[in-house]
Protein chains: 2
Amino acid sequence: MEKEWRRSMPLLSMNIVMQLTGLTARQIRYYEEHELVQPARTEGKQRMFSLDDIDILLEIKDMLATGVNIAGVKQIFEMKNSPAAKNDTKQVITDAQLRAIVKEEMQLAQRHQRASLRQGDLSRFFR
Amino acid sequence: MEKEWRRSMPLLSMNIVMQLTGLTARQIRYYEEHELVQPARTEGKQRMFSLDDIDILLEIKDMLATGVNIAGVKQIFEMKNSPAAKNDTKQVITDAQLRAIVKEEMQLAQRHQRASLRQGDLSRFFR
DNA sequence: GTTGACATGTTAGCTAACATGACATATACT
DNA sequence: AGTATATGTCATGTTAGCTAACATGTCAAC
């Protein structure tokens, strides 16, 4: 309970954070620009980082090194912080639709008419 | 219980899947290449997709449209399927380390020696 | 206060690679 | 027989992520 706010206490300057993370100032600002970190500011607008911020920065560094891009990192962070998000591949096709599709498809195949259903994007029918 | 295997039953051909998802064959193969989908195969090596596959493909399409890249999509999928992964920003810096850092930093600042700790990447000490 | 290191926001530009397209050839379906 | 798919290779546009550079602003110490 005491450690908690100690970790979120903004006491590290840009300079130190650069050393701790191995990131350039430009990179760090870039990540902030994309809302991945929100360091506190002094009255004079200078960034002050907490330990939590450092953790986040190191995580970003990790993921980027893995090949994930900023958009991906953001998505993953959101996923971590939202308790929901647990939905396994949401069901976008109902069984009824399936039956219709397959039936339609078979009819078409049988009639050698690859003209109607087969052309055009049907994805709009789903989700 | 019956619907389950119906959804995972591979019965859709490339052609249909293209219509259903609005993706090109090239795209779908590309995603498979990156192990995001694993469609079944006929004896003649032709892909046969299940409804679950379709769901996955639509999800991929969604995320890519959002700006997430393949690596990100993969990461997110893994995160969904692994029960753990729940770790909020794992602690990479201990309080002891913190004290050392800050102390060191203050001493250095005081002595006007911006030469020792301040240069070099310290990120290797963490994680 | 004045000084000198450090931060800031902004702009401009590089580069590497991601995601697709396109084509060719071979094999599989019906 | 004729379309649909497979696989592989080459090519391409776009843009994400970053560096470099600048002019201005901040902070601590003397």
Side-chain angles (χ1 to χ4, degrees), chain A residues 10-19 21-37 39-49 57 60-75 105-115 117-119, chain B residues 10-19 21-49 53 57 60-75 105-115 117-119:
Chain A
L11 28 80
L12 303 172
S13 72
M14 181 81 266
N15 202 2
I16 309 179
V17 174
M18 288 173 60
Q19 319 297 150
T21 61
L23 297 167
T24 71
R26 185 66 184 81
Q27 286 176 296
I28 296 171
R29 284 194 227 117
Y30 186 66
Y31 304 150
E32 182 184 11
E33 197 176 333
H34 287 269
E35 303 173 284
L36 299 180
V37 249
R41 300 290 188 126
T42 68
E43 301 225 342
K45 292 287 188 184
Q46 310 223 170
R47 278 164 256 254
M48 291 299 283
F49 297 84
L57 286 173
I60 296 171
K61 190 182 179 185
D62 253 35
M63 307 193 76
L64 289 182
T66 309
V68 180
N69 64 5
I70 300 279
V73 174
K74 193 185 286 188
Q75 192 77 26
E105 173 57 26
M106 292 184 69
Q107 291 179 341
L108 284 167
Q110 219 162 326
R111 292 185 204 142
H112 291 232
Q113 302 172 162
R114 5 199 122 49
L117 213 205
R118 311 186 86 112
Q119 85 200 354
Chain B
L11 28 81
L12 304 172
S13 72
M14 182 80 263
N15 201 7
I16 309 177
V17 174
M18 288 174 59
Q19 318 297 149
T21 60
L23 296 166
T24 70
R26 181 72 177 80
Q27 288 174 297
I28 296 171
R29 290 197 213 107
Y30 185 67
Y31 304 151
E32 181 184 12
E33 196 177 333
H34 286 268
E35 301 174 282
L36 299 180
V37 247
Q38 285 92 25
R41 300 290 189 126
T42 67
E43 302 224 341
K45 293 284 187 184
Q46 311 225 167
R47 278 165 256 254
M48 290 302 280
F49 297 84
D53 289 331
L57 286 172
I60 295 170
K61 189 182 180 184
D62 254 34
M63 308 194 76
L64 288 182
T66 309
V68 179
N69 63 5
I70 299 281
V73 174
K74 192 185 287 188
Q75 192 76 25
E105 173 58 26
M106 291 183 69
Q107 291 180 341
L108 284 167
Q110 219 162 326
R111 292 186 204 142
H112 292 228
Q113 302 174 161
R114 2 193 127 52
L117 214 204
R118 310 186 87 111
Q119 84 198 354

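A note on names: the letters A, B, ... follow the listed sequences, proteins ahead of strands, and every chain is numbered from 1.
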For this session: Would you check if A/Met14 and A/Gln46 make a side-chain contact, meaning some heavy-atom pair closer than 4.5 Å?
Result: no

What is the distance, rounded to the nearest whole Å, between atom [atom1] of [X] and atom [atom2] of [N]?
X: A/Glu33; N: C/dT8; atom1: CD; atom2: C1'; result: 13 Å
X: B/Asn69; N: C/dT20; atom1: CG; atom2: P; result: 11 Å
X: A/Tyr31; N: D/dC18; atom1: OH; atom2: C1'; result: 8 Å
X: A/Tyr30; N: D/dT15; atom1: OH; atom2: P; result: 13 Å
X: B/Leu23; N: C/dA19; atom1: CG; atom2: P; result: 13 Å
X: B/Ile70; N: D/dA16; atom1: CD1; atom2: C1'; result: 15 Å
X: A/Phe49; N: C/dA7; atom1: CZ; atom2: P; result: 10 Å
X: A/Ile28; N: C/dC6; atom1: CD1; atom2: P; result: 15 Å

Seminar exercise, completed: Rounded to 10°, the helix from C/dG1-D/dC30 to C/dT30-D/dA1 deviates from straight, judged by its five-pair end axes, by 40°

Over all heavy atoms of both residues, which pair between [X] and [Y] is shortest? Give the atoms and the distance, please.
X: B/Met48; Y: B/Thr42; value: CG-CG2, 3.4 Å
X: B/Lys61; Y: B/Thr21; value: NZ-O, 2.8 Å
X: B/Ile70; Y: B/Leu64; value: N-CD2, 4.1 Å
X: B/Met63; Y: A/Gln75; value: CE-CG, 4.1 Å

Exercise. Just by distance, do the side chain of B/Asp53 and the backbone of B/Val37 share a donor-acceptor pair under 3.5 Å?
Worked result: no

Exercise. Taking the side chain from A/Thr66 and the backbone from A/Val68, do they hold a donor-acceptor pair closer than 3.5 Å?
Worked result: no

For this session: With sequence neighbours left out, write down each residue that passes salt bridge (Lys or Arg N to Asp or Glu O under 4.0 Å) with B/Arg41, or none if nothing qualifies.
Result: B/Glu32

Exercise. Would you say D/dT7 has OP1 or OP2 under 4.0 Å from some side-chain N or O of B/Arg47?
Worked result: yes

Exercise. Which nucleotide, D/dA6, D/dC18, C/dA19, lies nearest any side-chain atom of A/Leu64?
Worked result: D/dC18

Problem set entry | Residue A/Met14, side-chain heavy atoms: nucleotide from D/dG17, C/dT20, C/dA7 that is nearest | C/dA7

Grab the N/O contacts between the protein and nucleotides 21-28 of chain C below 3.5 Å, and write none if there aren't any.
residue : atom : partner : partner atom : Å
C/dG21  : OP2  : B/Thr24 : OG1          : 3.0
C/dG21  : O6   : B/Arg26 : NE           : 3.4
C/dG21  : O6   : B/Arg26 : NH2          : 3.1
C/dA22  : N6   : B/Arg26 : NE           : 3.3

